[in-house]
> 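Can you keep this structure in mind? I'll have questions shortly.
Please read these numbers as outputs of a predicted model, since none were measured by experiment. Basis for what follows: all heavy atoms, side chains included, without hydrogens, waters or symmetry-related copies.
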Amino acid sequence: MDQFKAMQIFQAVADCKSFTQAAERLDLPKPSVTNAVQAIEQQLGVRLLQRTTRKVSLTVEGAQYLERCTALLTDLDNLNGLFAGDGRLLSGTVRIDLPERLAHLYVIPALPAFCQRHPHLQLRLGSTDRYVDLVGEGIDCAVRGGTLRDSTLVARRVAAMEQVNVAAPAYLARHGRPQTLDDLRHHTAVNFFSSQSGRDLDWEYVDADGAARTLPMRSQVSVSGTDAYLACCLAGLGLIQMPRQSLAPLLASGELEEVLPQWRPAPLPLNIVYAHNRHLSPRVRVVVDWLASVLEQQNVSE
């Protein structure tokens with residue numbers, strides 16, 4: 001096995017903190033991953049990783065080696081990209097994570113043109129609304145909505161999505177239409193729970209002074225994905241809050257109706273993010289720039 005391949009394997013093990021997860025990410029047998037790391041350690045004459053039955057962690061020497069091999073691998077990747085011209089010859093794999101609704105409405109329909117323009121790039125597209133550990137799961141970039149709390153990420157702001165409160169006509173026929181915030185005490189929401197904490201997220205609104213406020217809502221059903229969130233609303237299970245643009249066809253057809261227009265949530269910030277300790281390779285930069293243009297062209301921003 002060549003030196004650069006072994007360094008890539010070591011980098012994956014360090015990122016994942018697991019030989020098994022690194023093998024899965026690289027699509028290699030686990031013994032090949034173990035042997036590659038052992039070969040580097042034997043060549044250097046130092047232990048780079050501390051191994052236990054529960055986790056893998058870097059030694060002091062391992063952290064130093066990871067910093068240097070990451071820089072070398074990035075330089076090699078950038079060197080290979082120098083001759084890609086307008087990007088048509090870029091190759092390799094880029095791992096992306098997107099919110100479900102955003103992927104289905106905007107990004108996936110634009111993929112055929114991108115793939116035709118960059119036929120040698122391989123995209124691994126995750127579509128989920130759970131929190132994703134970019135470094136630990138080997139994700140090159142992700143699109144995230146809301147306020148970013150992870151200071152280890154670099155964020156590129158691409159939009160602010162106007163949000164609305166909506167309900168299905170069947171729900172409004174049974175429970176009436178709320179006219180004030182106080183009316184919400186007698187209504188039910190479909191709640192969205194955090195994949196990190198498991199806690200239901202509160203109802204959001206902007207008060208008369210322009211300040212963002214929250215309000216706990218009664219709910220019989222809580223979900224963790226936007227597709228399920230919307231499906232529950234369409235089934236008449238309660239009120240929801242979502243970006244207006246993604247609901248436009250349903251609002252136009254009358255399948256959903258806006259409620260409390262004077263008490264909408266604040267616009268939802270939308271960012272493309274990647275890890276601080278990762279220099280964007282030419283292929284990842286092409287994908288980031290394309291994602292930004294797709295979201296802007298689709299008039300996602302308010």
> Please check if atom CZ in Arg174 has more than 12 non-hydrogen atoms from other residues, nucleotides or ligands closer than 6.0 Å.
yes

> Look at the side-chain heavy atoms of Ile, Leu, Val, Met, Phe, Trp and Tyr, link any pair under 4.5 Å apart, and say whether Val46 and Leu72 land in one connected group.
yes

> So Phe192 and Val223, side-chain contact (heavy atoms from CB on, under 4.5 Å) or not? Walk me through it.
CA-CA 5 Å; Phe192 199 103; Val223 300; 4.3 Å; yes

> So, for Pro169 and Gly254, which heavy atoms are closest and what is the spacing to 0.1 Å?
CG-O, 3.3 Å

> Would you say that Leu256 contacts Cys233 through its side chain, given a criterion of any heavy-atom pair below 4.5 Å between the two side chains?
yes

> Can you see which heavy atom on Ala208 is nearest to which on Trp263, and at what distance?
N-CZ3, 4.2 Å

> Counting distance only, does the side-chain N/O of Asp207 pair as donor-acceptor with the main-chain N or O of Asp209 below 3.5 Å?
yes

> Rounded to the nearest 0.5 Å, what separation is found between the CZ atom of Arg218 and the CG atom of Leu239?
10.0 Å

> Would you call Glu67 and Gln64 a side-chain contact if the rule is heavy atoms closer than 4.5 Å?
no

> Out of curiosity, Asp227 CG to Cys232 SG, how far, rounded to the nearest 0.5 Å?
11.0 Å

> For Ser246, is there any backbone N or O sitting under 3.5 Å from a side-chain donor or acceptor partner on Arg101?
yes

> Using a strict threshold of under 4.0 Å (side-chain N to carboxylate O), is an ion pair present between Asp202 and Arg213?
no

> Is there a salt bridge (charged side-chain N to carboxylate O under 4.0 Å, His left out) between Asp140 and Arg283 once you walk through the steps?
CA-CA 10 Å; Asp140 292 299; Arg283 62 173 174 265; 6.0 Å; no

> Passes side-chain contact (heavy atoms from CB on, under 4.5 Å), Val166 versus Val259? Steps please.
CA-CA 5 Å; Val166 298; Val259 298; 6.0 Å; no

> Just checking Gln220: does its CD atom have more than 12 heavy atoms from other residues, nucleotides or ligands closer to it than 6.0 angstrom?
no

> Answer yes or no: is there a side-chain heavy-atom contact under 4.5 Å between Val107 and Ile96?
no

> Hey, could you give me each pair passing salt bridge (Lys or Arg N to Asp or Glu O under 4.0 Å) that has a residue in residues 26-46? Not counting sequence neighbours.
Glu41-Arg51

> Which heavy atom of Phe10 sits nearest a heavy atom of Cys69, and at what distance?
CD2-SG, 4.0 Å

> Please determine whether residues Val164 and Val206 belong to a single hydrophobic cluster, defined as Ile, Leu, Val, Met, Phe, Trp and Tyr linked transitively by side-chain heavy-atom distances below 4.5 Å.
no

> Do Arg95 and Arg124 come within less than 4.5 Å of each other through their side chains, counting heavy atoms only?
yes

> Roughly how far apart are Glu204 CD and Gln163 CD, rounded to 0.5 Å?
6.5 Å

> Is there a donor-acceptor pair under 3.5 Å between the side chain of Thr188 and the backbone N or O of Gly238?
no

> Can you measure from CD (Glu100) to CG (Leu230) and round to the nearest 0.5 angstrom?
11.0 Å

> State, to 0.1 Å, how close Val294 and Tyr106 come at their nearest heavy-atom pair, and which atoms those are.
CG1-O, 3.6 Å

> Should Val158 and Tyr274 be regarded as members of a common hydrophobic cluster, given that ILVMFWY residues are connected when their side-chain heavy atoms come within less than 4.5 Å of each other, either directly or indirectly?
yes

> The test is side-chain contact (heavy atoms from CB on, under 4.5 Å); show your working for Leu66 and Gln11 and say whether it passes.
CA-CA 6 Å; Leu66 177 63; Gln11 184 185 53; 4.1 Å; yes

> For a side-chain contact (heavy atoms from CB on, under 4.5 Å) check, start with the C-alpha distance between Leu201 and Asn191, then their side-chain angles and the critical distance, and finish with the verdict.
CA-CA 7 Å; Leu201 304 181; Asn191 277 346; over 6 Å; no

> Of all heavy-atom pairs between Leu172 and Arg177, which one has the smallest distance, and what is that distance?
CD1-NH2, 3.5 Å

> For the residue pair Met161 and Leu102, establish whether any side-chain heavy-atom pair is separated by less than 4.5 Å.
yes

> Can you name the nearest heavy-atom pair linking Ile40 to Ala6, along with the distance?
CD1-O, 3.5 Å

> Which label fits His187 and Tyr171: parallel for a plane angle under 30°, tilted from 30 to 60°, or perpendicular past 60°?
tilted

> Roughly how far, to the nearest 0.5 Å, is the CG atom of Leu260 from the OG1 atom of Thr180?
7.5 Å

> Tyr65 versus Leu44: any side-chain heavy-atom pair under 4.5 Å?
yes

> Going from CZ on Phe19 to CD1 on Ile9, what distance comes out if it is rounded to the nearest 0.5 angstrom?
10.5 Å

> Do Leu237 and Phe193 share a hydrophobic cluster (ILVMFWY, side-chain heavy atoms under 4.5 Å, transitive)?
no

> Below 4.5 Å, heavy atoms only, C-beta onward: do Leu291 and Leu98 meet side chain to side chain?
yes

> Is there a side-chain contact between Arg244 and Leu251 in this structure, where contact means two heavy atoms from C-beta onward sitting under 4.5 Å apart?
yes

> If hydrophobic clusters are built from ILVMFWY residues whose side chains come within less than 4.5 Å, do Val143 and Ile108 share one?
yes

